Peer 1: 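The following block contains the structure, expressed as structure tokens.
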Amino acid sequence: MNITELIVQYSDGIRHLDSYRRSLNRDNPDEADEARTVTGMLSDMRYALDWMRRGRRPGSRKGAERRDIYRRRELLAQVEPLTEDERRRLIDCVAVMTERELTCWLLHMAHGLTQNEIADRMKISRASVRVYLERAKRKVQEKIS
């Protein structure tokens, strides 16, 4: 199942669940309780749907916007395997990086984490993450050129 199909299924599920919630009689205590439960479910589903569409945690205002990150990952999964020459160039790029540069670069480029998320995970400052990423990107550009 790909992310596009999942988005369609969540959208349909939200419509059906919202229709069910509107059909409940809130004057009846049991149905009012059911409506509160369904409202919570709808909230969770909308949150997950927003996350899938935007490719990042909803409500997060820091960091670069990474629209459709899951769709980009799907496209990358469909890419043909690396040639031997591409594999050697990638190994050359990785070989010149320090351990911290490589870790930050992989978390940022491969996993799509923001600088703040990387800093939290590695327990270092955001400024350090930025420096490591700049160094890693510069080294990759030097090897590619």
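We use all heavy atoms of the structure for the numbers below, so side chains are in, but hydrogens, waters and symmetry mates are not. Not measured: the values here are computed from a predicted model.
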Peer 1: Is Arg89 paired with Asp85 through a side-chain N to carboxylate O contact shorter than 4.0 Å?
Peer 2: yes
Peer 1: Side-chain heavy atoms under 4.5 angstrom apart, residues restricted to Ile, Leu, Val, Met, Phe, Trp, Tyr: same cluster for Met109 and Val131?
Peer 2: no
Peer 1: Not counting sequence neighbours, which residues clear side chain to side chain donor-acceptor pair (under 3.5 Å) with Thr39? List them please.
Peer 2: none
Peer 1: Can you tell me how far the OG1 atom of Thr37 sits from the CD atom of Glu34, to the nearest 0.5 Å?
Peer 2: 6.0 Å
Peer 1: Return yes when atom CD of Glu99 has more than 12 non-hydrogen atoms of other residues, nucleotides or ligands closer than 6.0 Å, and no otherwise.
Peer 2: no
Peer 1: Tell me, do Arg126 and Ile118 make a side-chain contact under 4.5 Å, heavy atoms counted?
Peer 2: no
Peer 1: As a quick check of understanding, evaluate side-chain contact (heavy atoms from CB on, under 4.5 Å) for Val96 and Asp92, giving each step before the final call.
Peer 2: CA-CA 7 Å; Val96 297; Asp92 288 345; over 6 Å; no
Peer 1: Compare all side-chain heavy atoms of Met52 with those of Ile3 and state whether any distance is below 4.5 angstrom.
Peer 2: yes
Peer 1: Is there a donor-acceptor pair closer than 3.5 Å between any side-chain N or O of Ser11 and the backbone N or O of Ile7?
Peer 2: yes
Peer 1: Take Arg36 and Asp33 through the test side-chain contact (heavy atoms from CB on, under 4.5 Å) and record every step on the way to the result.
Peer 2: CA-CA 5 Å; Arg36 281 190 295 278; Asp33 189 40; 3.5 Å; yes
Peer 1: Contact between Leu102 and Tyr132 at the side-chain level, heavy atoms closer than 4.5 Å - yes or no?
Peer 2: no
Peer 1: Decide side-chain contact (heavy atoms from CB on, under 4.5 Å) for His108 and Leu113; before the verdict, give the C-alpha distance in whole Å, the side-chain angles of both, and the deciding distance to 0.1 Å.
Peer 2: CA-CA 5 Å; His108 185 65; Leu113 297 183; 5.9 Å; no
Peer 1: Donor-acceptor pairs are to be reported for all side-chain atoms of residues 24-31 against protein atoms at under 3.5 Å, with residues two or more places apart or in another chain.
Peer 2:
| residue | atom | partner | partner atom | Å |
| --- | --- | --- | --- | --- |
| Asn25 | OD1 | Asp27 | N | 3.0 |
| Asn28 | OD1 | Asp30 | N | 3.0 |
| Glu31 | OE1 | Asn25 | N | 2.5 |

Peer 1: How many angstroms lie between SG in Cys104 and CZ in Arg130, if you round to the nearest 0.5 Å?
Peer 2: 12.0 Å
Peer 1: Quick one: does Lys139's side chain have a donor or acceptor within less than 3.5 Å of a partner on Met97's backbone?
Peer 2: no
Peer 1: Flag the pair Asp18 / Arg46 as yes when at least one side-chain heavy-atom distance between them is below 4.5 Å, and no otherwise.
Peer 2: yes
Peer 1: I'd like to know if Asp50 and Arg53 make a salt bridge, using a cut-off of under 4.0 Å between side-chain N and carboxylate O.
Peer 2: no
Peer 1: Answer yes or no: is there a side-chain heavy-atom contact under 4.5 Å between Leu107 and Met122?
Peer 2: yes
Peer 1: Would you check if Leu17 and Arg21 make a side-chain contact, meaning some heavy-atom pair closer than 4.5 Å?
Peer 2: no
Peer 1: Within the structure provided, determine whether Asp120 and Glu117 are in side-chain contact (heavy-atom separation under 4.5 Å).
Peer 2: no
Peer 1: Within a strict 4.5 Å, meaning less than it, do heavy atoms of the Arg100 and Thr103 side chains meet?
Peer 2: no
Peer 1: For the atom pair NZ (Lys123) and OG (Ser128), what is the distance rounded to the nearest 0.5 Å?
Peer 2: 14.5 Å
Peer 1: Using 0.5 Å steps for rounding, measure from the NZ atom of Lys137 to the CD atom of Glu101.
Peer 2: 12.5 Å
Peer 1: Mind listing the closest non-hydrogen atom pair of Tyr20 and Val38 along with its distance?
Peer 2: CE2-CG2, 3.8 Å
